[in-house]
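Encoded as structure tokens, the structure appears first; notes follow it.
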4 protein chains.
Amino acid sequence: MSAAHGDKLEVILDAAFRLFGSSGFYETKMSEIADEAGIAKGTLYLYFTSKEELFTAVTKRDFDRFLEQLGPKLEAAGFLEDKLQVIASHHLGYYYSVRDYTRLFFHTPNRDQKLMDTMYAFISAYTRMIAAMLEEHGVTDSWLHAKSFIGILDVFKMDILFNPAFSEQDLAQRTGFAVRLFRYGCKPDTAENREHTS
Amino acid sequence: MSAAHGDKLEVILDAAFRLFGSSGFYETKMSEIADEAGIAKGTLYLYFTSKEELFTAVTKRDFDRFLEQLGPKLEAAGFLEDKLQVIASHHLGYYYSVRDYTRLFFHTPNRDQKLMDTMYAFISAYTRMIAAMLEEHGVTDSWLHAKSFIGILDVFKMDILFNPAFSEQDLAQRTGFAVRLFRYGCKPDTAENREHTS
Amino acid sequence: MSAAHGDKLEVILDAAFRLFGSSGFYETKMSEIADEAGIAKGTLYLYFTSKEELFTAVTKRDFDRFLEQLGPKLEAAGFLEDKLQVIASHHLGYYYSVRDYTRLFFHTPNRDQKLMDTMYAFISAYTRMIAAMLEEHGVTDSWLHAKSFIGILDVFKMDILFNPAFSEQDLAQRTGFAVRLFRYGCKPDTAENREHTS
Amino acid sequence: MSAAHGDKLEVILDAAFRLFGSSGFYETKMSEIADEAGIAKGTLYLYFTSKEELFTAVTKRDFDRFLEQLGPKLEAAGFLEDKLQVIASHHLGYYYSVRDYTRLFFHTPNRDQKLMDTMYAFISAYTRMIAAMLEEHGVTDSWLHAKSFIGILDVFKMDILFNPAFSEQDLAQRTGFAVRLFRYGCKPDTAENREHTS
DNA sequence: TATGAATGAGGCTTCATTCAT
DNA sequence: TATGAATGAAGCCTCATTCAT
């Protein structure tokens with residue numbers, strides 16, 4: 001029925017997420033996805049008309065979950081720094097949880113407009129969410145600040161990807177670091193510096 | 001002969017840079033590169049044993065140039081903020097200059113260890129260079145700070161890629177913004193904020 | 001039940017006729033036929049064991065109708081030329097009426113013996129009917145003459161197919177022409193000709 | 001070189017002619033053609049961009065040869081009946097010579113405009129050639145007469161296809177019959193007939 | 001009888017790479 | 001060194017047919 005249909009669709013998306021995530025778009029084969037999902041190749045095409053469409057669906061579901069889970073957490077926090085902490089923790093925590101599938105975010109098909117639209121919509125929504133929060137707290141240039149915060153976090157996402165030894169402790173440390181840097185800037189502690197800024 | 005060989009090698013790398021850069025690894029064909037370089041397909045294999053190796057060579061040359069040009073500029077600057085300014089300006093300026101070939105940095109082959117090594121070597125060298133500079137100026141956690149600065153800059157690199165209207169003015173503005181944020185953090189201006197941090 | 005069965009069978013044959021006729025055997029999909037007939041794909045296989053068998057049934061029904069309708073008309077005519085006129089008119093008129101479905105007669109599956117038998121049976125029965133009539137009227141070589149007459153008519157059938165502007169007037173003209181040519185041959189009107197035949 | 005290229009192209013066309021001719025378009029596989037030609041599958045695509053294009057090339061070459069060979073023969077003949085005899089003999093003789101490959105003319109891909117154009121160009125050129133000759137000999141309605149003659153011949157082409165026992169004697173007999181019928185019409189020999197036409 | 005989700009064999013085509021010249 | 005015709009493995013996708021409901 002409808003439920004069964006939904007179930008199989010989830011099964012496919014899960015399988016595709018794992019494979020696209022670990023091998024990227026081009027090196028994941030539709031036949032592999034079918035095998036991973038435990039269904040026949042042809043069945044994939046009952047749910048998605050092409051490999052690109054499946055990839056886009058996987059990506060979109062991932063993005064949607066990311067934002068859906070962030071929203072409530074953000075509202076629960078009060079002060080600016082708490083909110084930044086929530087965002088950093090969610091961002092890094094999320095990608096830590098799917099760290100084996102990070103290639104999903106690096107190897108995407110070219111020239112697929114729907115995918116580009118989906119990615120653009122995500123980054124816009126995410127940036128908008130952060131910018132709105134910053135604005136409420138009186139931060140100017142909220143859009144640029146929001147992007148920058150994301151940039152800081154994304155760099156640590158790279159750490160997660162490329163460093164197999166990355167631990168939950170590292171995670172917590174990076175989270176705190178990112179928030180402090182964003183909030184107060186770096187803190188050089190030399191005479192030269194004081195001299196220069198005076 | 002040797003000179004001629006070097007010339008042709010440059011011609012190939014230039015052609016490959018343009019095509020990999022605009023179409024990505026998987027959607028660029030060896031035959032297209034040969035055409036673009038004005039040579040025969042087979043000739044490519046006299047210089048590179050595989051498509052992956054050619055891609056890696058293109059990437060490496062690009063990275064090397066980036067760092068080679070940054071070094072002298074950085075030494076010429078004196079104060080911390082000047083150096084940050086130099087880095088930001090170089091980083092964004094460089095990617096602005098090759099903004100039509102940005103796919104080079106997004107669509108790369110998977111599972112190719114040599115390429116991974118090359119990329120890792122670059123990001124390490126770049127981070128090390130910035131971290132060393134920060135350390136000289138008394139910044140603690142220099143490695144994390146260096147990465148974060150790169151992260152902020154990379155986010156604006158995305159702007160350059162996805163926004164065709166991105167101008168040189170935007171470039172200058174982003175540069176200044178990145179340096180100020182990194183140095184002093186964001187500046188909320190509300191009572192709530194003061195209250196919280198007191 | 002039996003009536004209902006017959007009804008649904010007719011519905012399927014009608015749908016299949018339209019689609020096979022306009023797209024040919026290979027480019028018509030069983031799913032399209034099911035859609036066109038307003039039934040499920042699986043249901044087709046309750047009535048026909050294969051696509052080939054369905055095609056053969058469609059073809060056979062078309063052939064049978066053609067001959068069934070011709071019989072009475074032919075008996076009603078008296079003189080040789082009247083009968084030829086009836087045949088030509090029926091032949092061209094019939095294909096004019098189904099001119100949108102002519103691919104039924106051009107794109108047929110290969111290597112299907114039952115279909116070949118069906119087609120052979122039709123062309124034999126048609127030829128036999130005409131040949132018998134010709135014989136009654138004292139025409140020698142009746143079998144060859146019958147085939148030739150069919151050949152002349154079939155060429156004009158091609159006109160109907162390939163010329164979208166083919167009109168009912170054209171139809172009437174071709175009919176008369178075919179009968180006259182068959183009956184009296186072409187009529188060159190030059191001295192050379194007379195000389196040669198003398 | 002050029003000669004070698006031309007040779008291989010001929011080899012491919014020959015192989016494709018045999019297979020398309022005996023199995024039709026849809027049931028001939030590109031891999032079979034490659035095998036038959038003794039080359040690799042991929043090589044086919046150095047010469048033709050698609051299966052449809054190859055089929056069209058095969059068809060066109062066949063048509064061109066048919067007309068090229070007919071031209072000189074036709075000019076060599078003098079009187080009307082001699083010319084008709086030449087045409088009939090060429091038409092039936094040609095298809096007799098390739099009788100094993102007749103499916104080339106029955107199973108063609110749908111909706112391929114270039115192929116349709118090629119076929120239309122052939123039938124037009126052939127009809128025009130016969131019509132021009134008829135006109136020179138004072139035959140009116142030359143276009144319709146030309147088509148009709150082709151129709152009579154084509155019907156016998158069917159005999160050649162469907163009757164494996166068709167012999168060269170049958171061929172000669174059909175040739176003479178077609179010419180006489182076209183020239184003088186059928187010859188009923190009964191009182192009824194005379195009565196009617198008087 | 002009727003359904004339609006699922007199957008999986010098989011086709012066309014691409015393209016990195018080779019090798020005889 | 002340079003060429004480019006030839007190769008053939010491999011992938012995406014189609015669609016006739018089946019079968020559990």
Side-chain angles (χ1 to χ4, degrees), chain A residues 1-2 4-5 7-9 26-35 37-54, chain B residues 1-2 4-5 8 25-35 37-55 109, chain C residues 1-2 4-5 8 25-35 37-54 109, chain D residues 1-2 4-5 8-9 26-35 37-54:
Chain A
M1 310 301 152
S2 174
H5 190 282
D7 285 354
K8 184 157 296 188
L9 193 140
Y26 292 99
E27 306 214 353
T28 297
K29 313 307 169 196
M30 289 299 265
S31 56
E32 292 172 359
I33 296 175
D35 286 351
I39 61 172
K41 231 181 322 172
T43 308
L44 291 177
Y45 290 87
L46 298 179
Y47 293 82
F48 302 96
T49 61
S50 69
K51 190 184 178 186
E52 278 79 6
E53 196 189 288
L54 173 53
Chain B
M1 296 306 132
S2 175
H5 186 284
K8 185 160 291 186
F25 178 79
Y26 292 97
E27 305 210 354
T28 296
K29 314 307 170 199
M30 289 298 265
S31 58
E32 292 172 358
I33 296 174
D35 286 352
I39 60 171
K41 229 182 319 175
T43 308
L44 290 177
Y45 288 86
L46 299 178
Y47 293 82
F48 302 96
T49 62
S50 72
K51 190 183 178 186
E52 279 79 6
E53 197 190 285
L54 172 53
F55 185 88
Chain C
M1 296 307 129
S2 174
H5 186 284
K8 184 160 292 187
F25 178 79
Y26 292 98
E27 305 210 353
T28 296
K29 315 305 170 200
M30 289 298 266
S31 58
E32 292 172 358
I33 296 174
D35 286 350
I39 61 170
K41 229 181 322 173
T43 308
L44 289 177
Y45 289 86
L46 299 176
Y47 293 82
F48 302 96
T49 62
S50 71
K51 190 183 178 188
E52 279 79 5
E53 196 189 286
L54 172 53
Chain D
M1 311 297 153
S2 173
H5 190 281
K8 185 157 293 186
L9 194 141
Y26 292 98
E27 307 214 352
T28 296
K29 313 308 171 195
M30 288 300 264
S31 56
E32 292 172 359
I33 296 175
D35 286 351
I39 60 172
K41 233 183 317 173
T43 307
L44 291 177
Y45 289 87
L46 298 179
Y47 293 83
F48 303 96
T49 62
S50 70
K51 190 183 178 186
E52 279 79 6
E53 196 189 287
L54 172 54

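The chains referred to below are lettered A, B, ... by the order of the sequence lines, with proteins before strands, and numbering in each begins at 1.
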Point to revise | Base-pair map of DNA chain E as dot-bracket, where | denotes pairing with a different strand and pairs are Watson-Crick or G-U under 3.5 Å | key: .||||||||||||||||||||

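For A:Thr43, the side-chain contact (heavy atoms from CB on, under 4.5 Å) criterion is met by A:Lys8, A:Ile39, A:Ala40, A:Leu46, A:Tyr47, not counting sequence neighbours. Checked against side chain to side chain donor-acceptor pair (under 3.5 Å), A:Glu53 has the following partners two or more places apart in sequence or in another chain: A:Thr49.
Rounded to an integer number of Å, the gap from C:Glu27 CD to E:dG11 P is 17 Å. Between A:Phe48 atom CZ and F:dT14 atom P there is a gap of 15 Å when expressed in whole angstrom units. Summarising the geometry, the separation between NZ on D:Lys8 and C1' on F:dA6 is reported as 6 Å, rounded to the nearest angstrom. In this structure, D:Ile33 atom CD1 and E:dC12 atom C1' are separated by 11 Å, rounded to whole Å. Following rounding to the nearest Å, D:Tyr26 (OH) and E:dC12 (C1') show an atom-to-atom distance of 14 Å. Nucleotide F:dC12 holds its P atom 15 Å from the CD atom of A:Glu53, rounded to whole Å. Rounded to a whole Å, the CG atom of A:Asp7 is 15 Å from the P atom of E:dA5.
With E:dA6, E:dT3, F:dC13 as the choices, the nucleotide that has an atom nearest any side-chain atom of C:Leu46 turns out to be E:dT3. Nearest to the side chain of A:Tyr45, among F:dC12, E:dT7, F:dT3, sits F:dC12.
Only the P atoms considered, E:dT1 is 22 Å distant from F:dT21, to the nearest whole Å.
Annotation for C:Met30 and C:Lys51: closest pair SD-CG, 3.6 Å, computed over non-hydrogen atoms. Scanning all heavy atoms of the two residues, the minimum distance from C:Glu52 to C:Phe25 falls at OE2-CZ, 3.6 Å. Between A:Lys29 and A:Glu27 the shortest heavy-atom distance is NZ-CA, 3.7 Å.
Looking at which nucleotide of DNA chain E each of C:Leu44 and A:Leu44 is closest to, the 5′-most match is held by C:Leu44. Along DNA chain F, the nucleotide nearest A:Thr43 and the nucleotide nearest B:Ala40 are compared for position; the residue whose nucleotide lies closer to the 5' end is B:Ala40. Remark on DNA chain E: of its neighbouring residues A:Gly38 and D:Glu52, the 5'-side contact belongs to A:Gly38, judged by nearest-heavy-atom nucleotide.
Rounding to the nearest 0.5 angstrom, the gap separating the CD1 atom in D:Ile33 from the CG atom in D:Leu54 is 5.0 Å.
Using a 4.5 Å heavy-atom cutoff, the side chains of C:Glu32 and C:Asp35 are not in contact.
Between C:Tyr26 and D:Tyr26, the ring planes lie parallel to each other; the angle is under 30°, not in the 30° to 60° tilted range.
Contacts of D:Ser50 with the nucleic acid, taken as non-hydrogen atoms under 4.0 Å apart, involve only primed sugar atoms and P, OP1 or OP2.
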Are there any protein N/O atoms within less than 3.5 Å of an N/O atom in nucleotides 9-11 of chain F, and if so, which ones and at what distance?
from	atom 1	to	atom 2	distance (Å)
F:dA10	N6	D:Lys41	NZ	3.0

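Using a 4.0 Å cut-off, some side-chain N or O of D:Tyr47 falls inside it from OP1 or OP2 of F:dA6.
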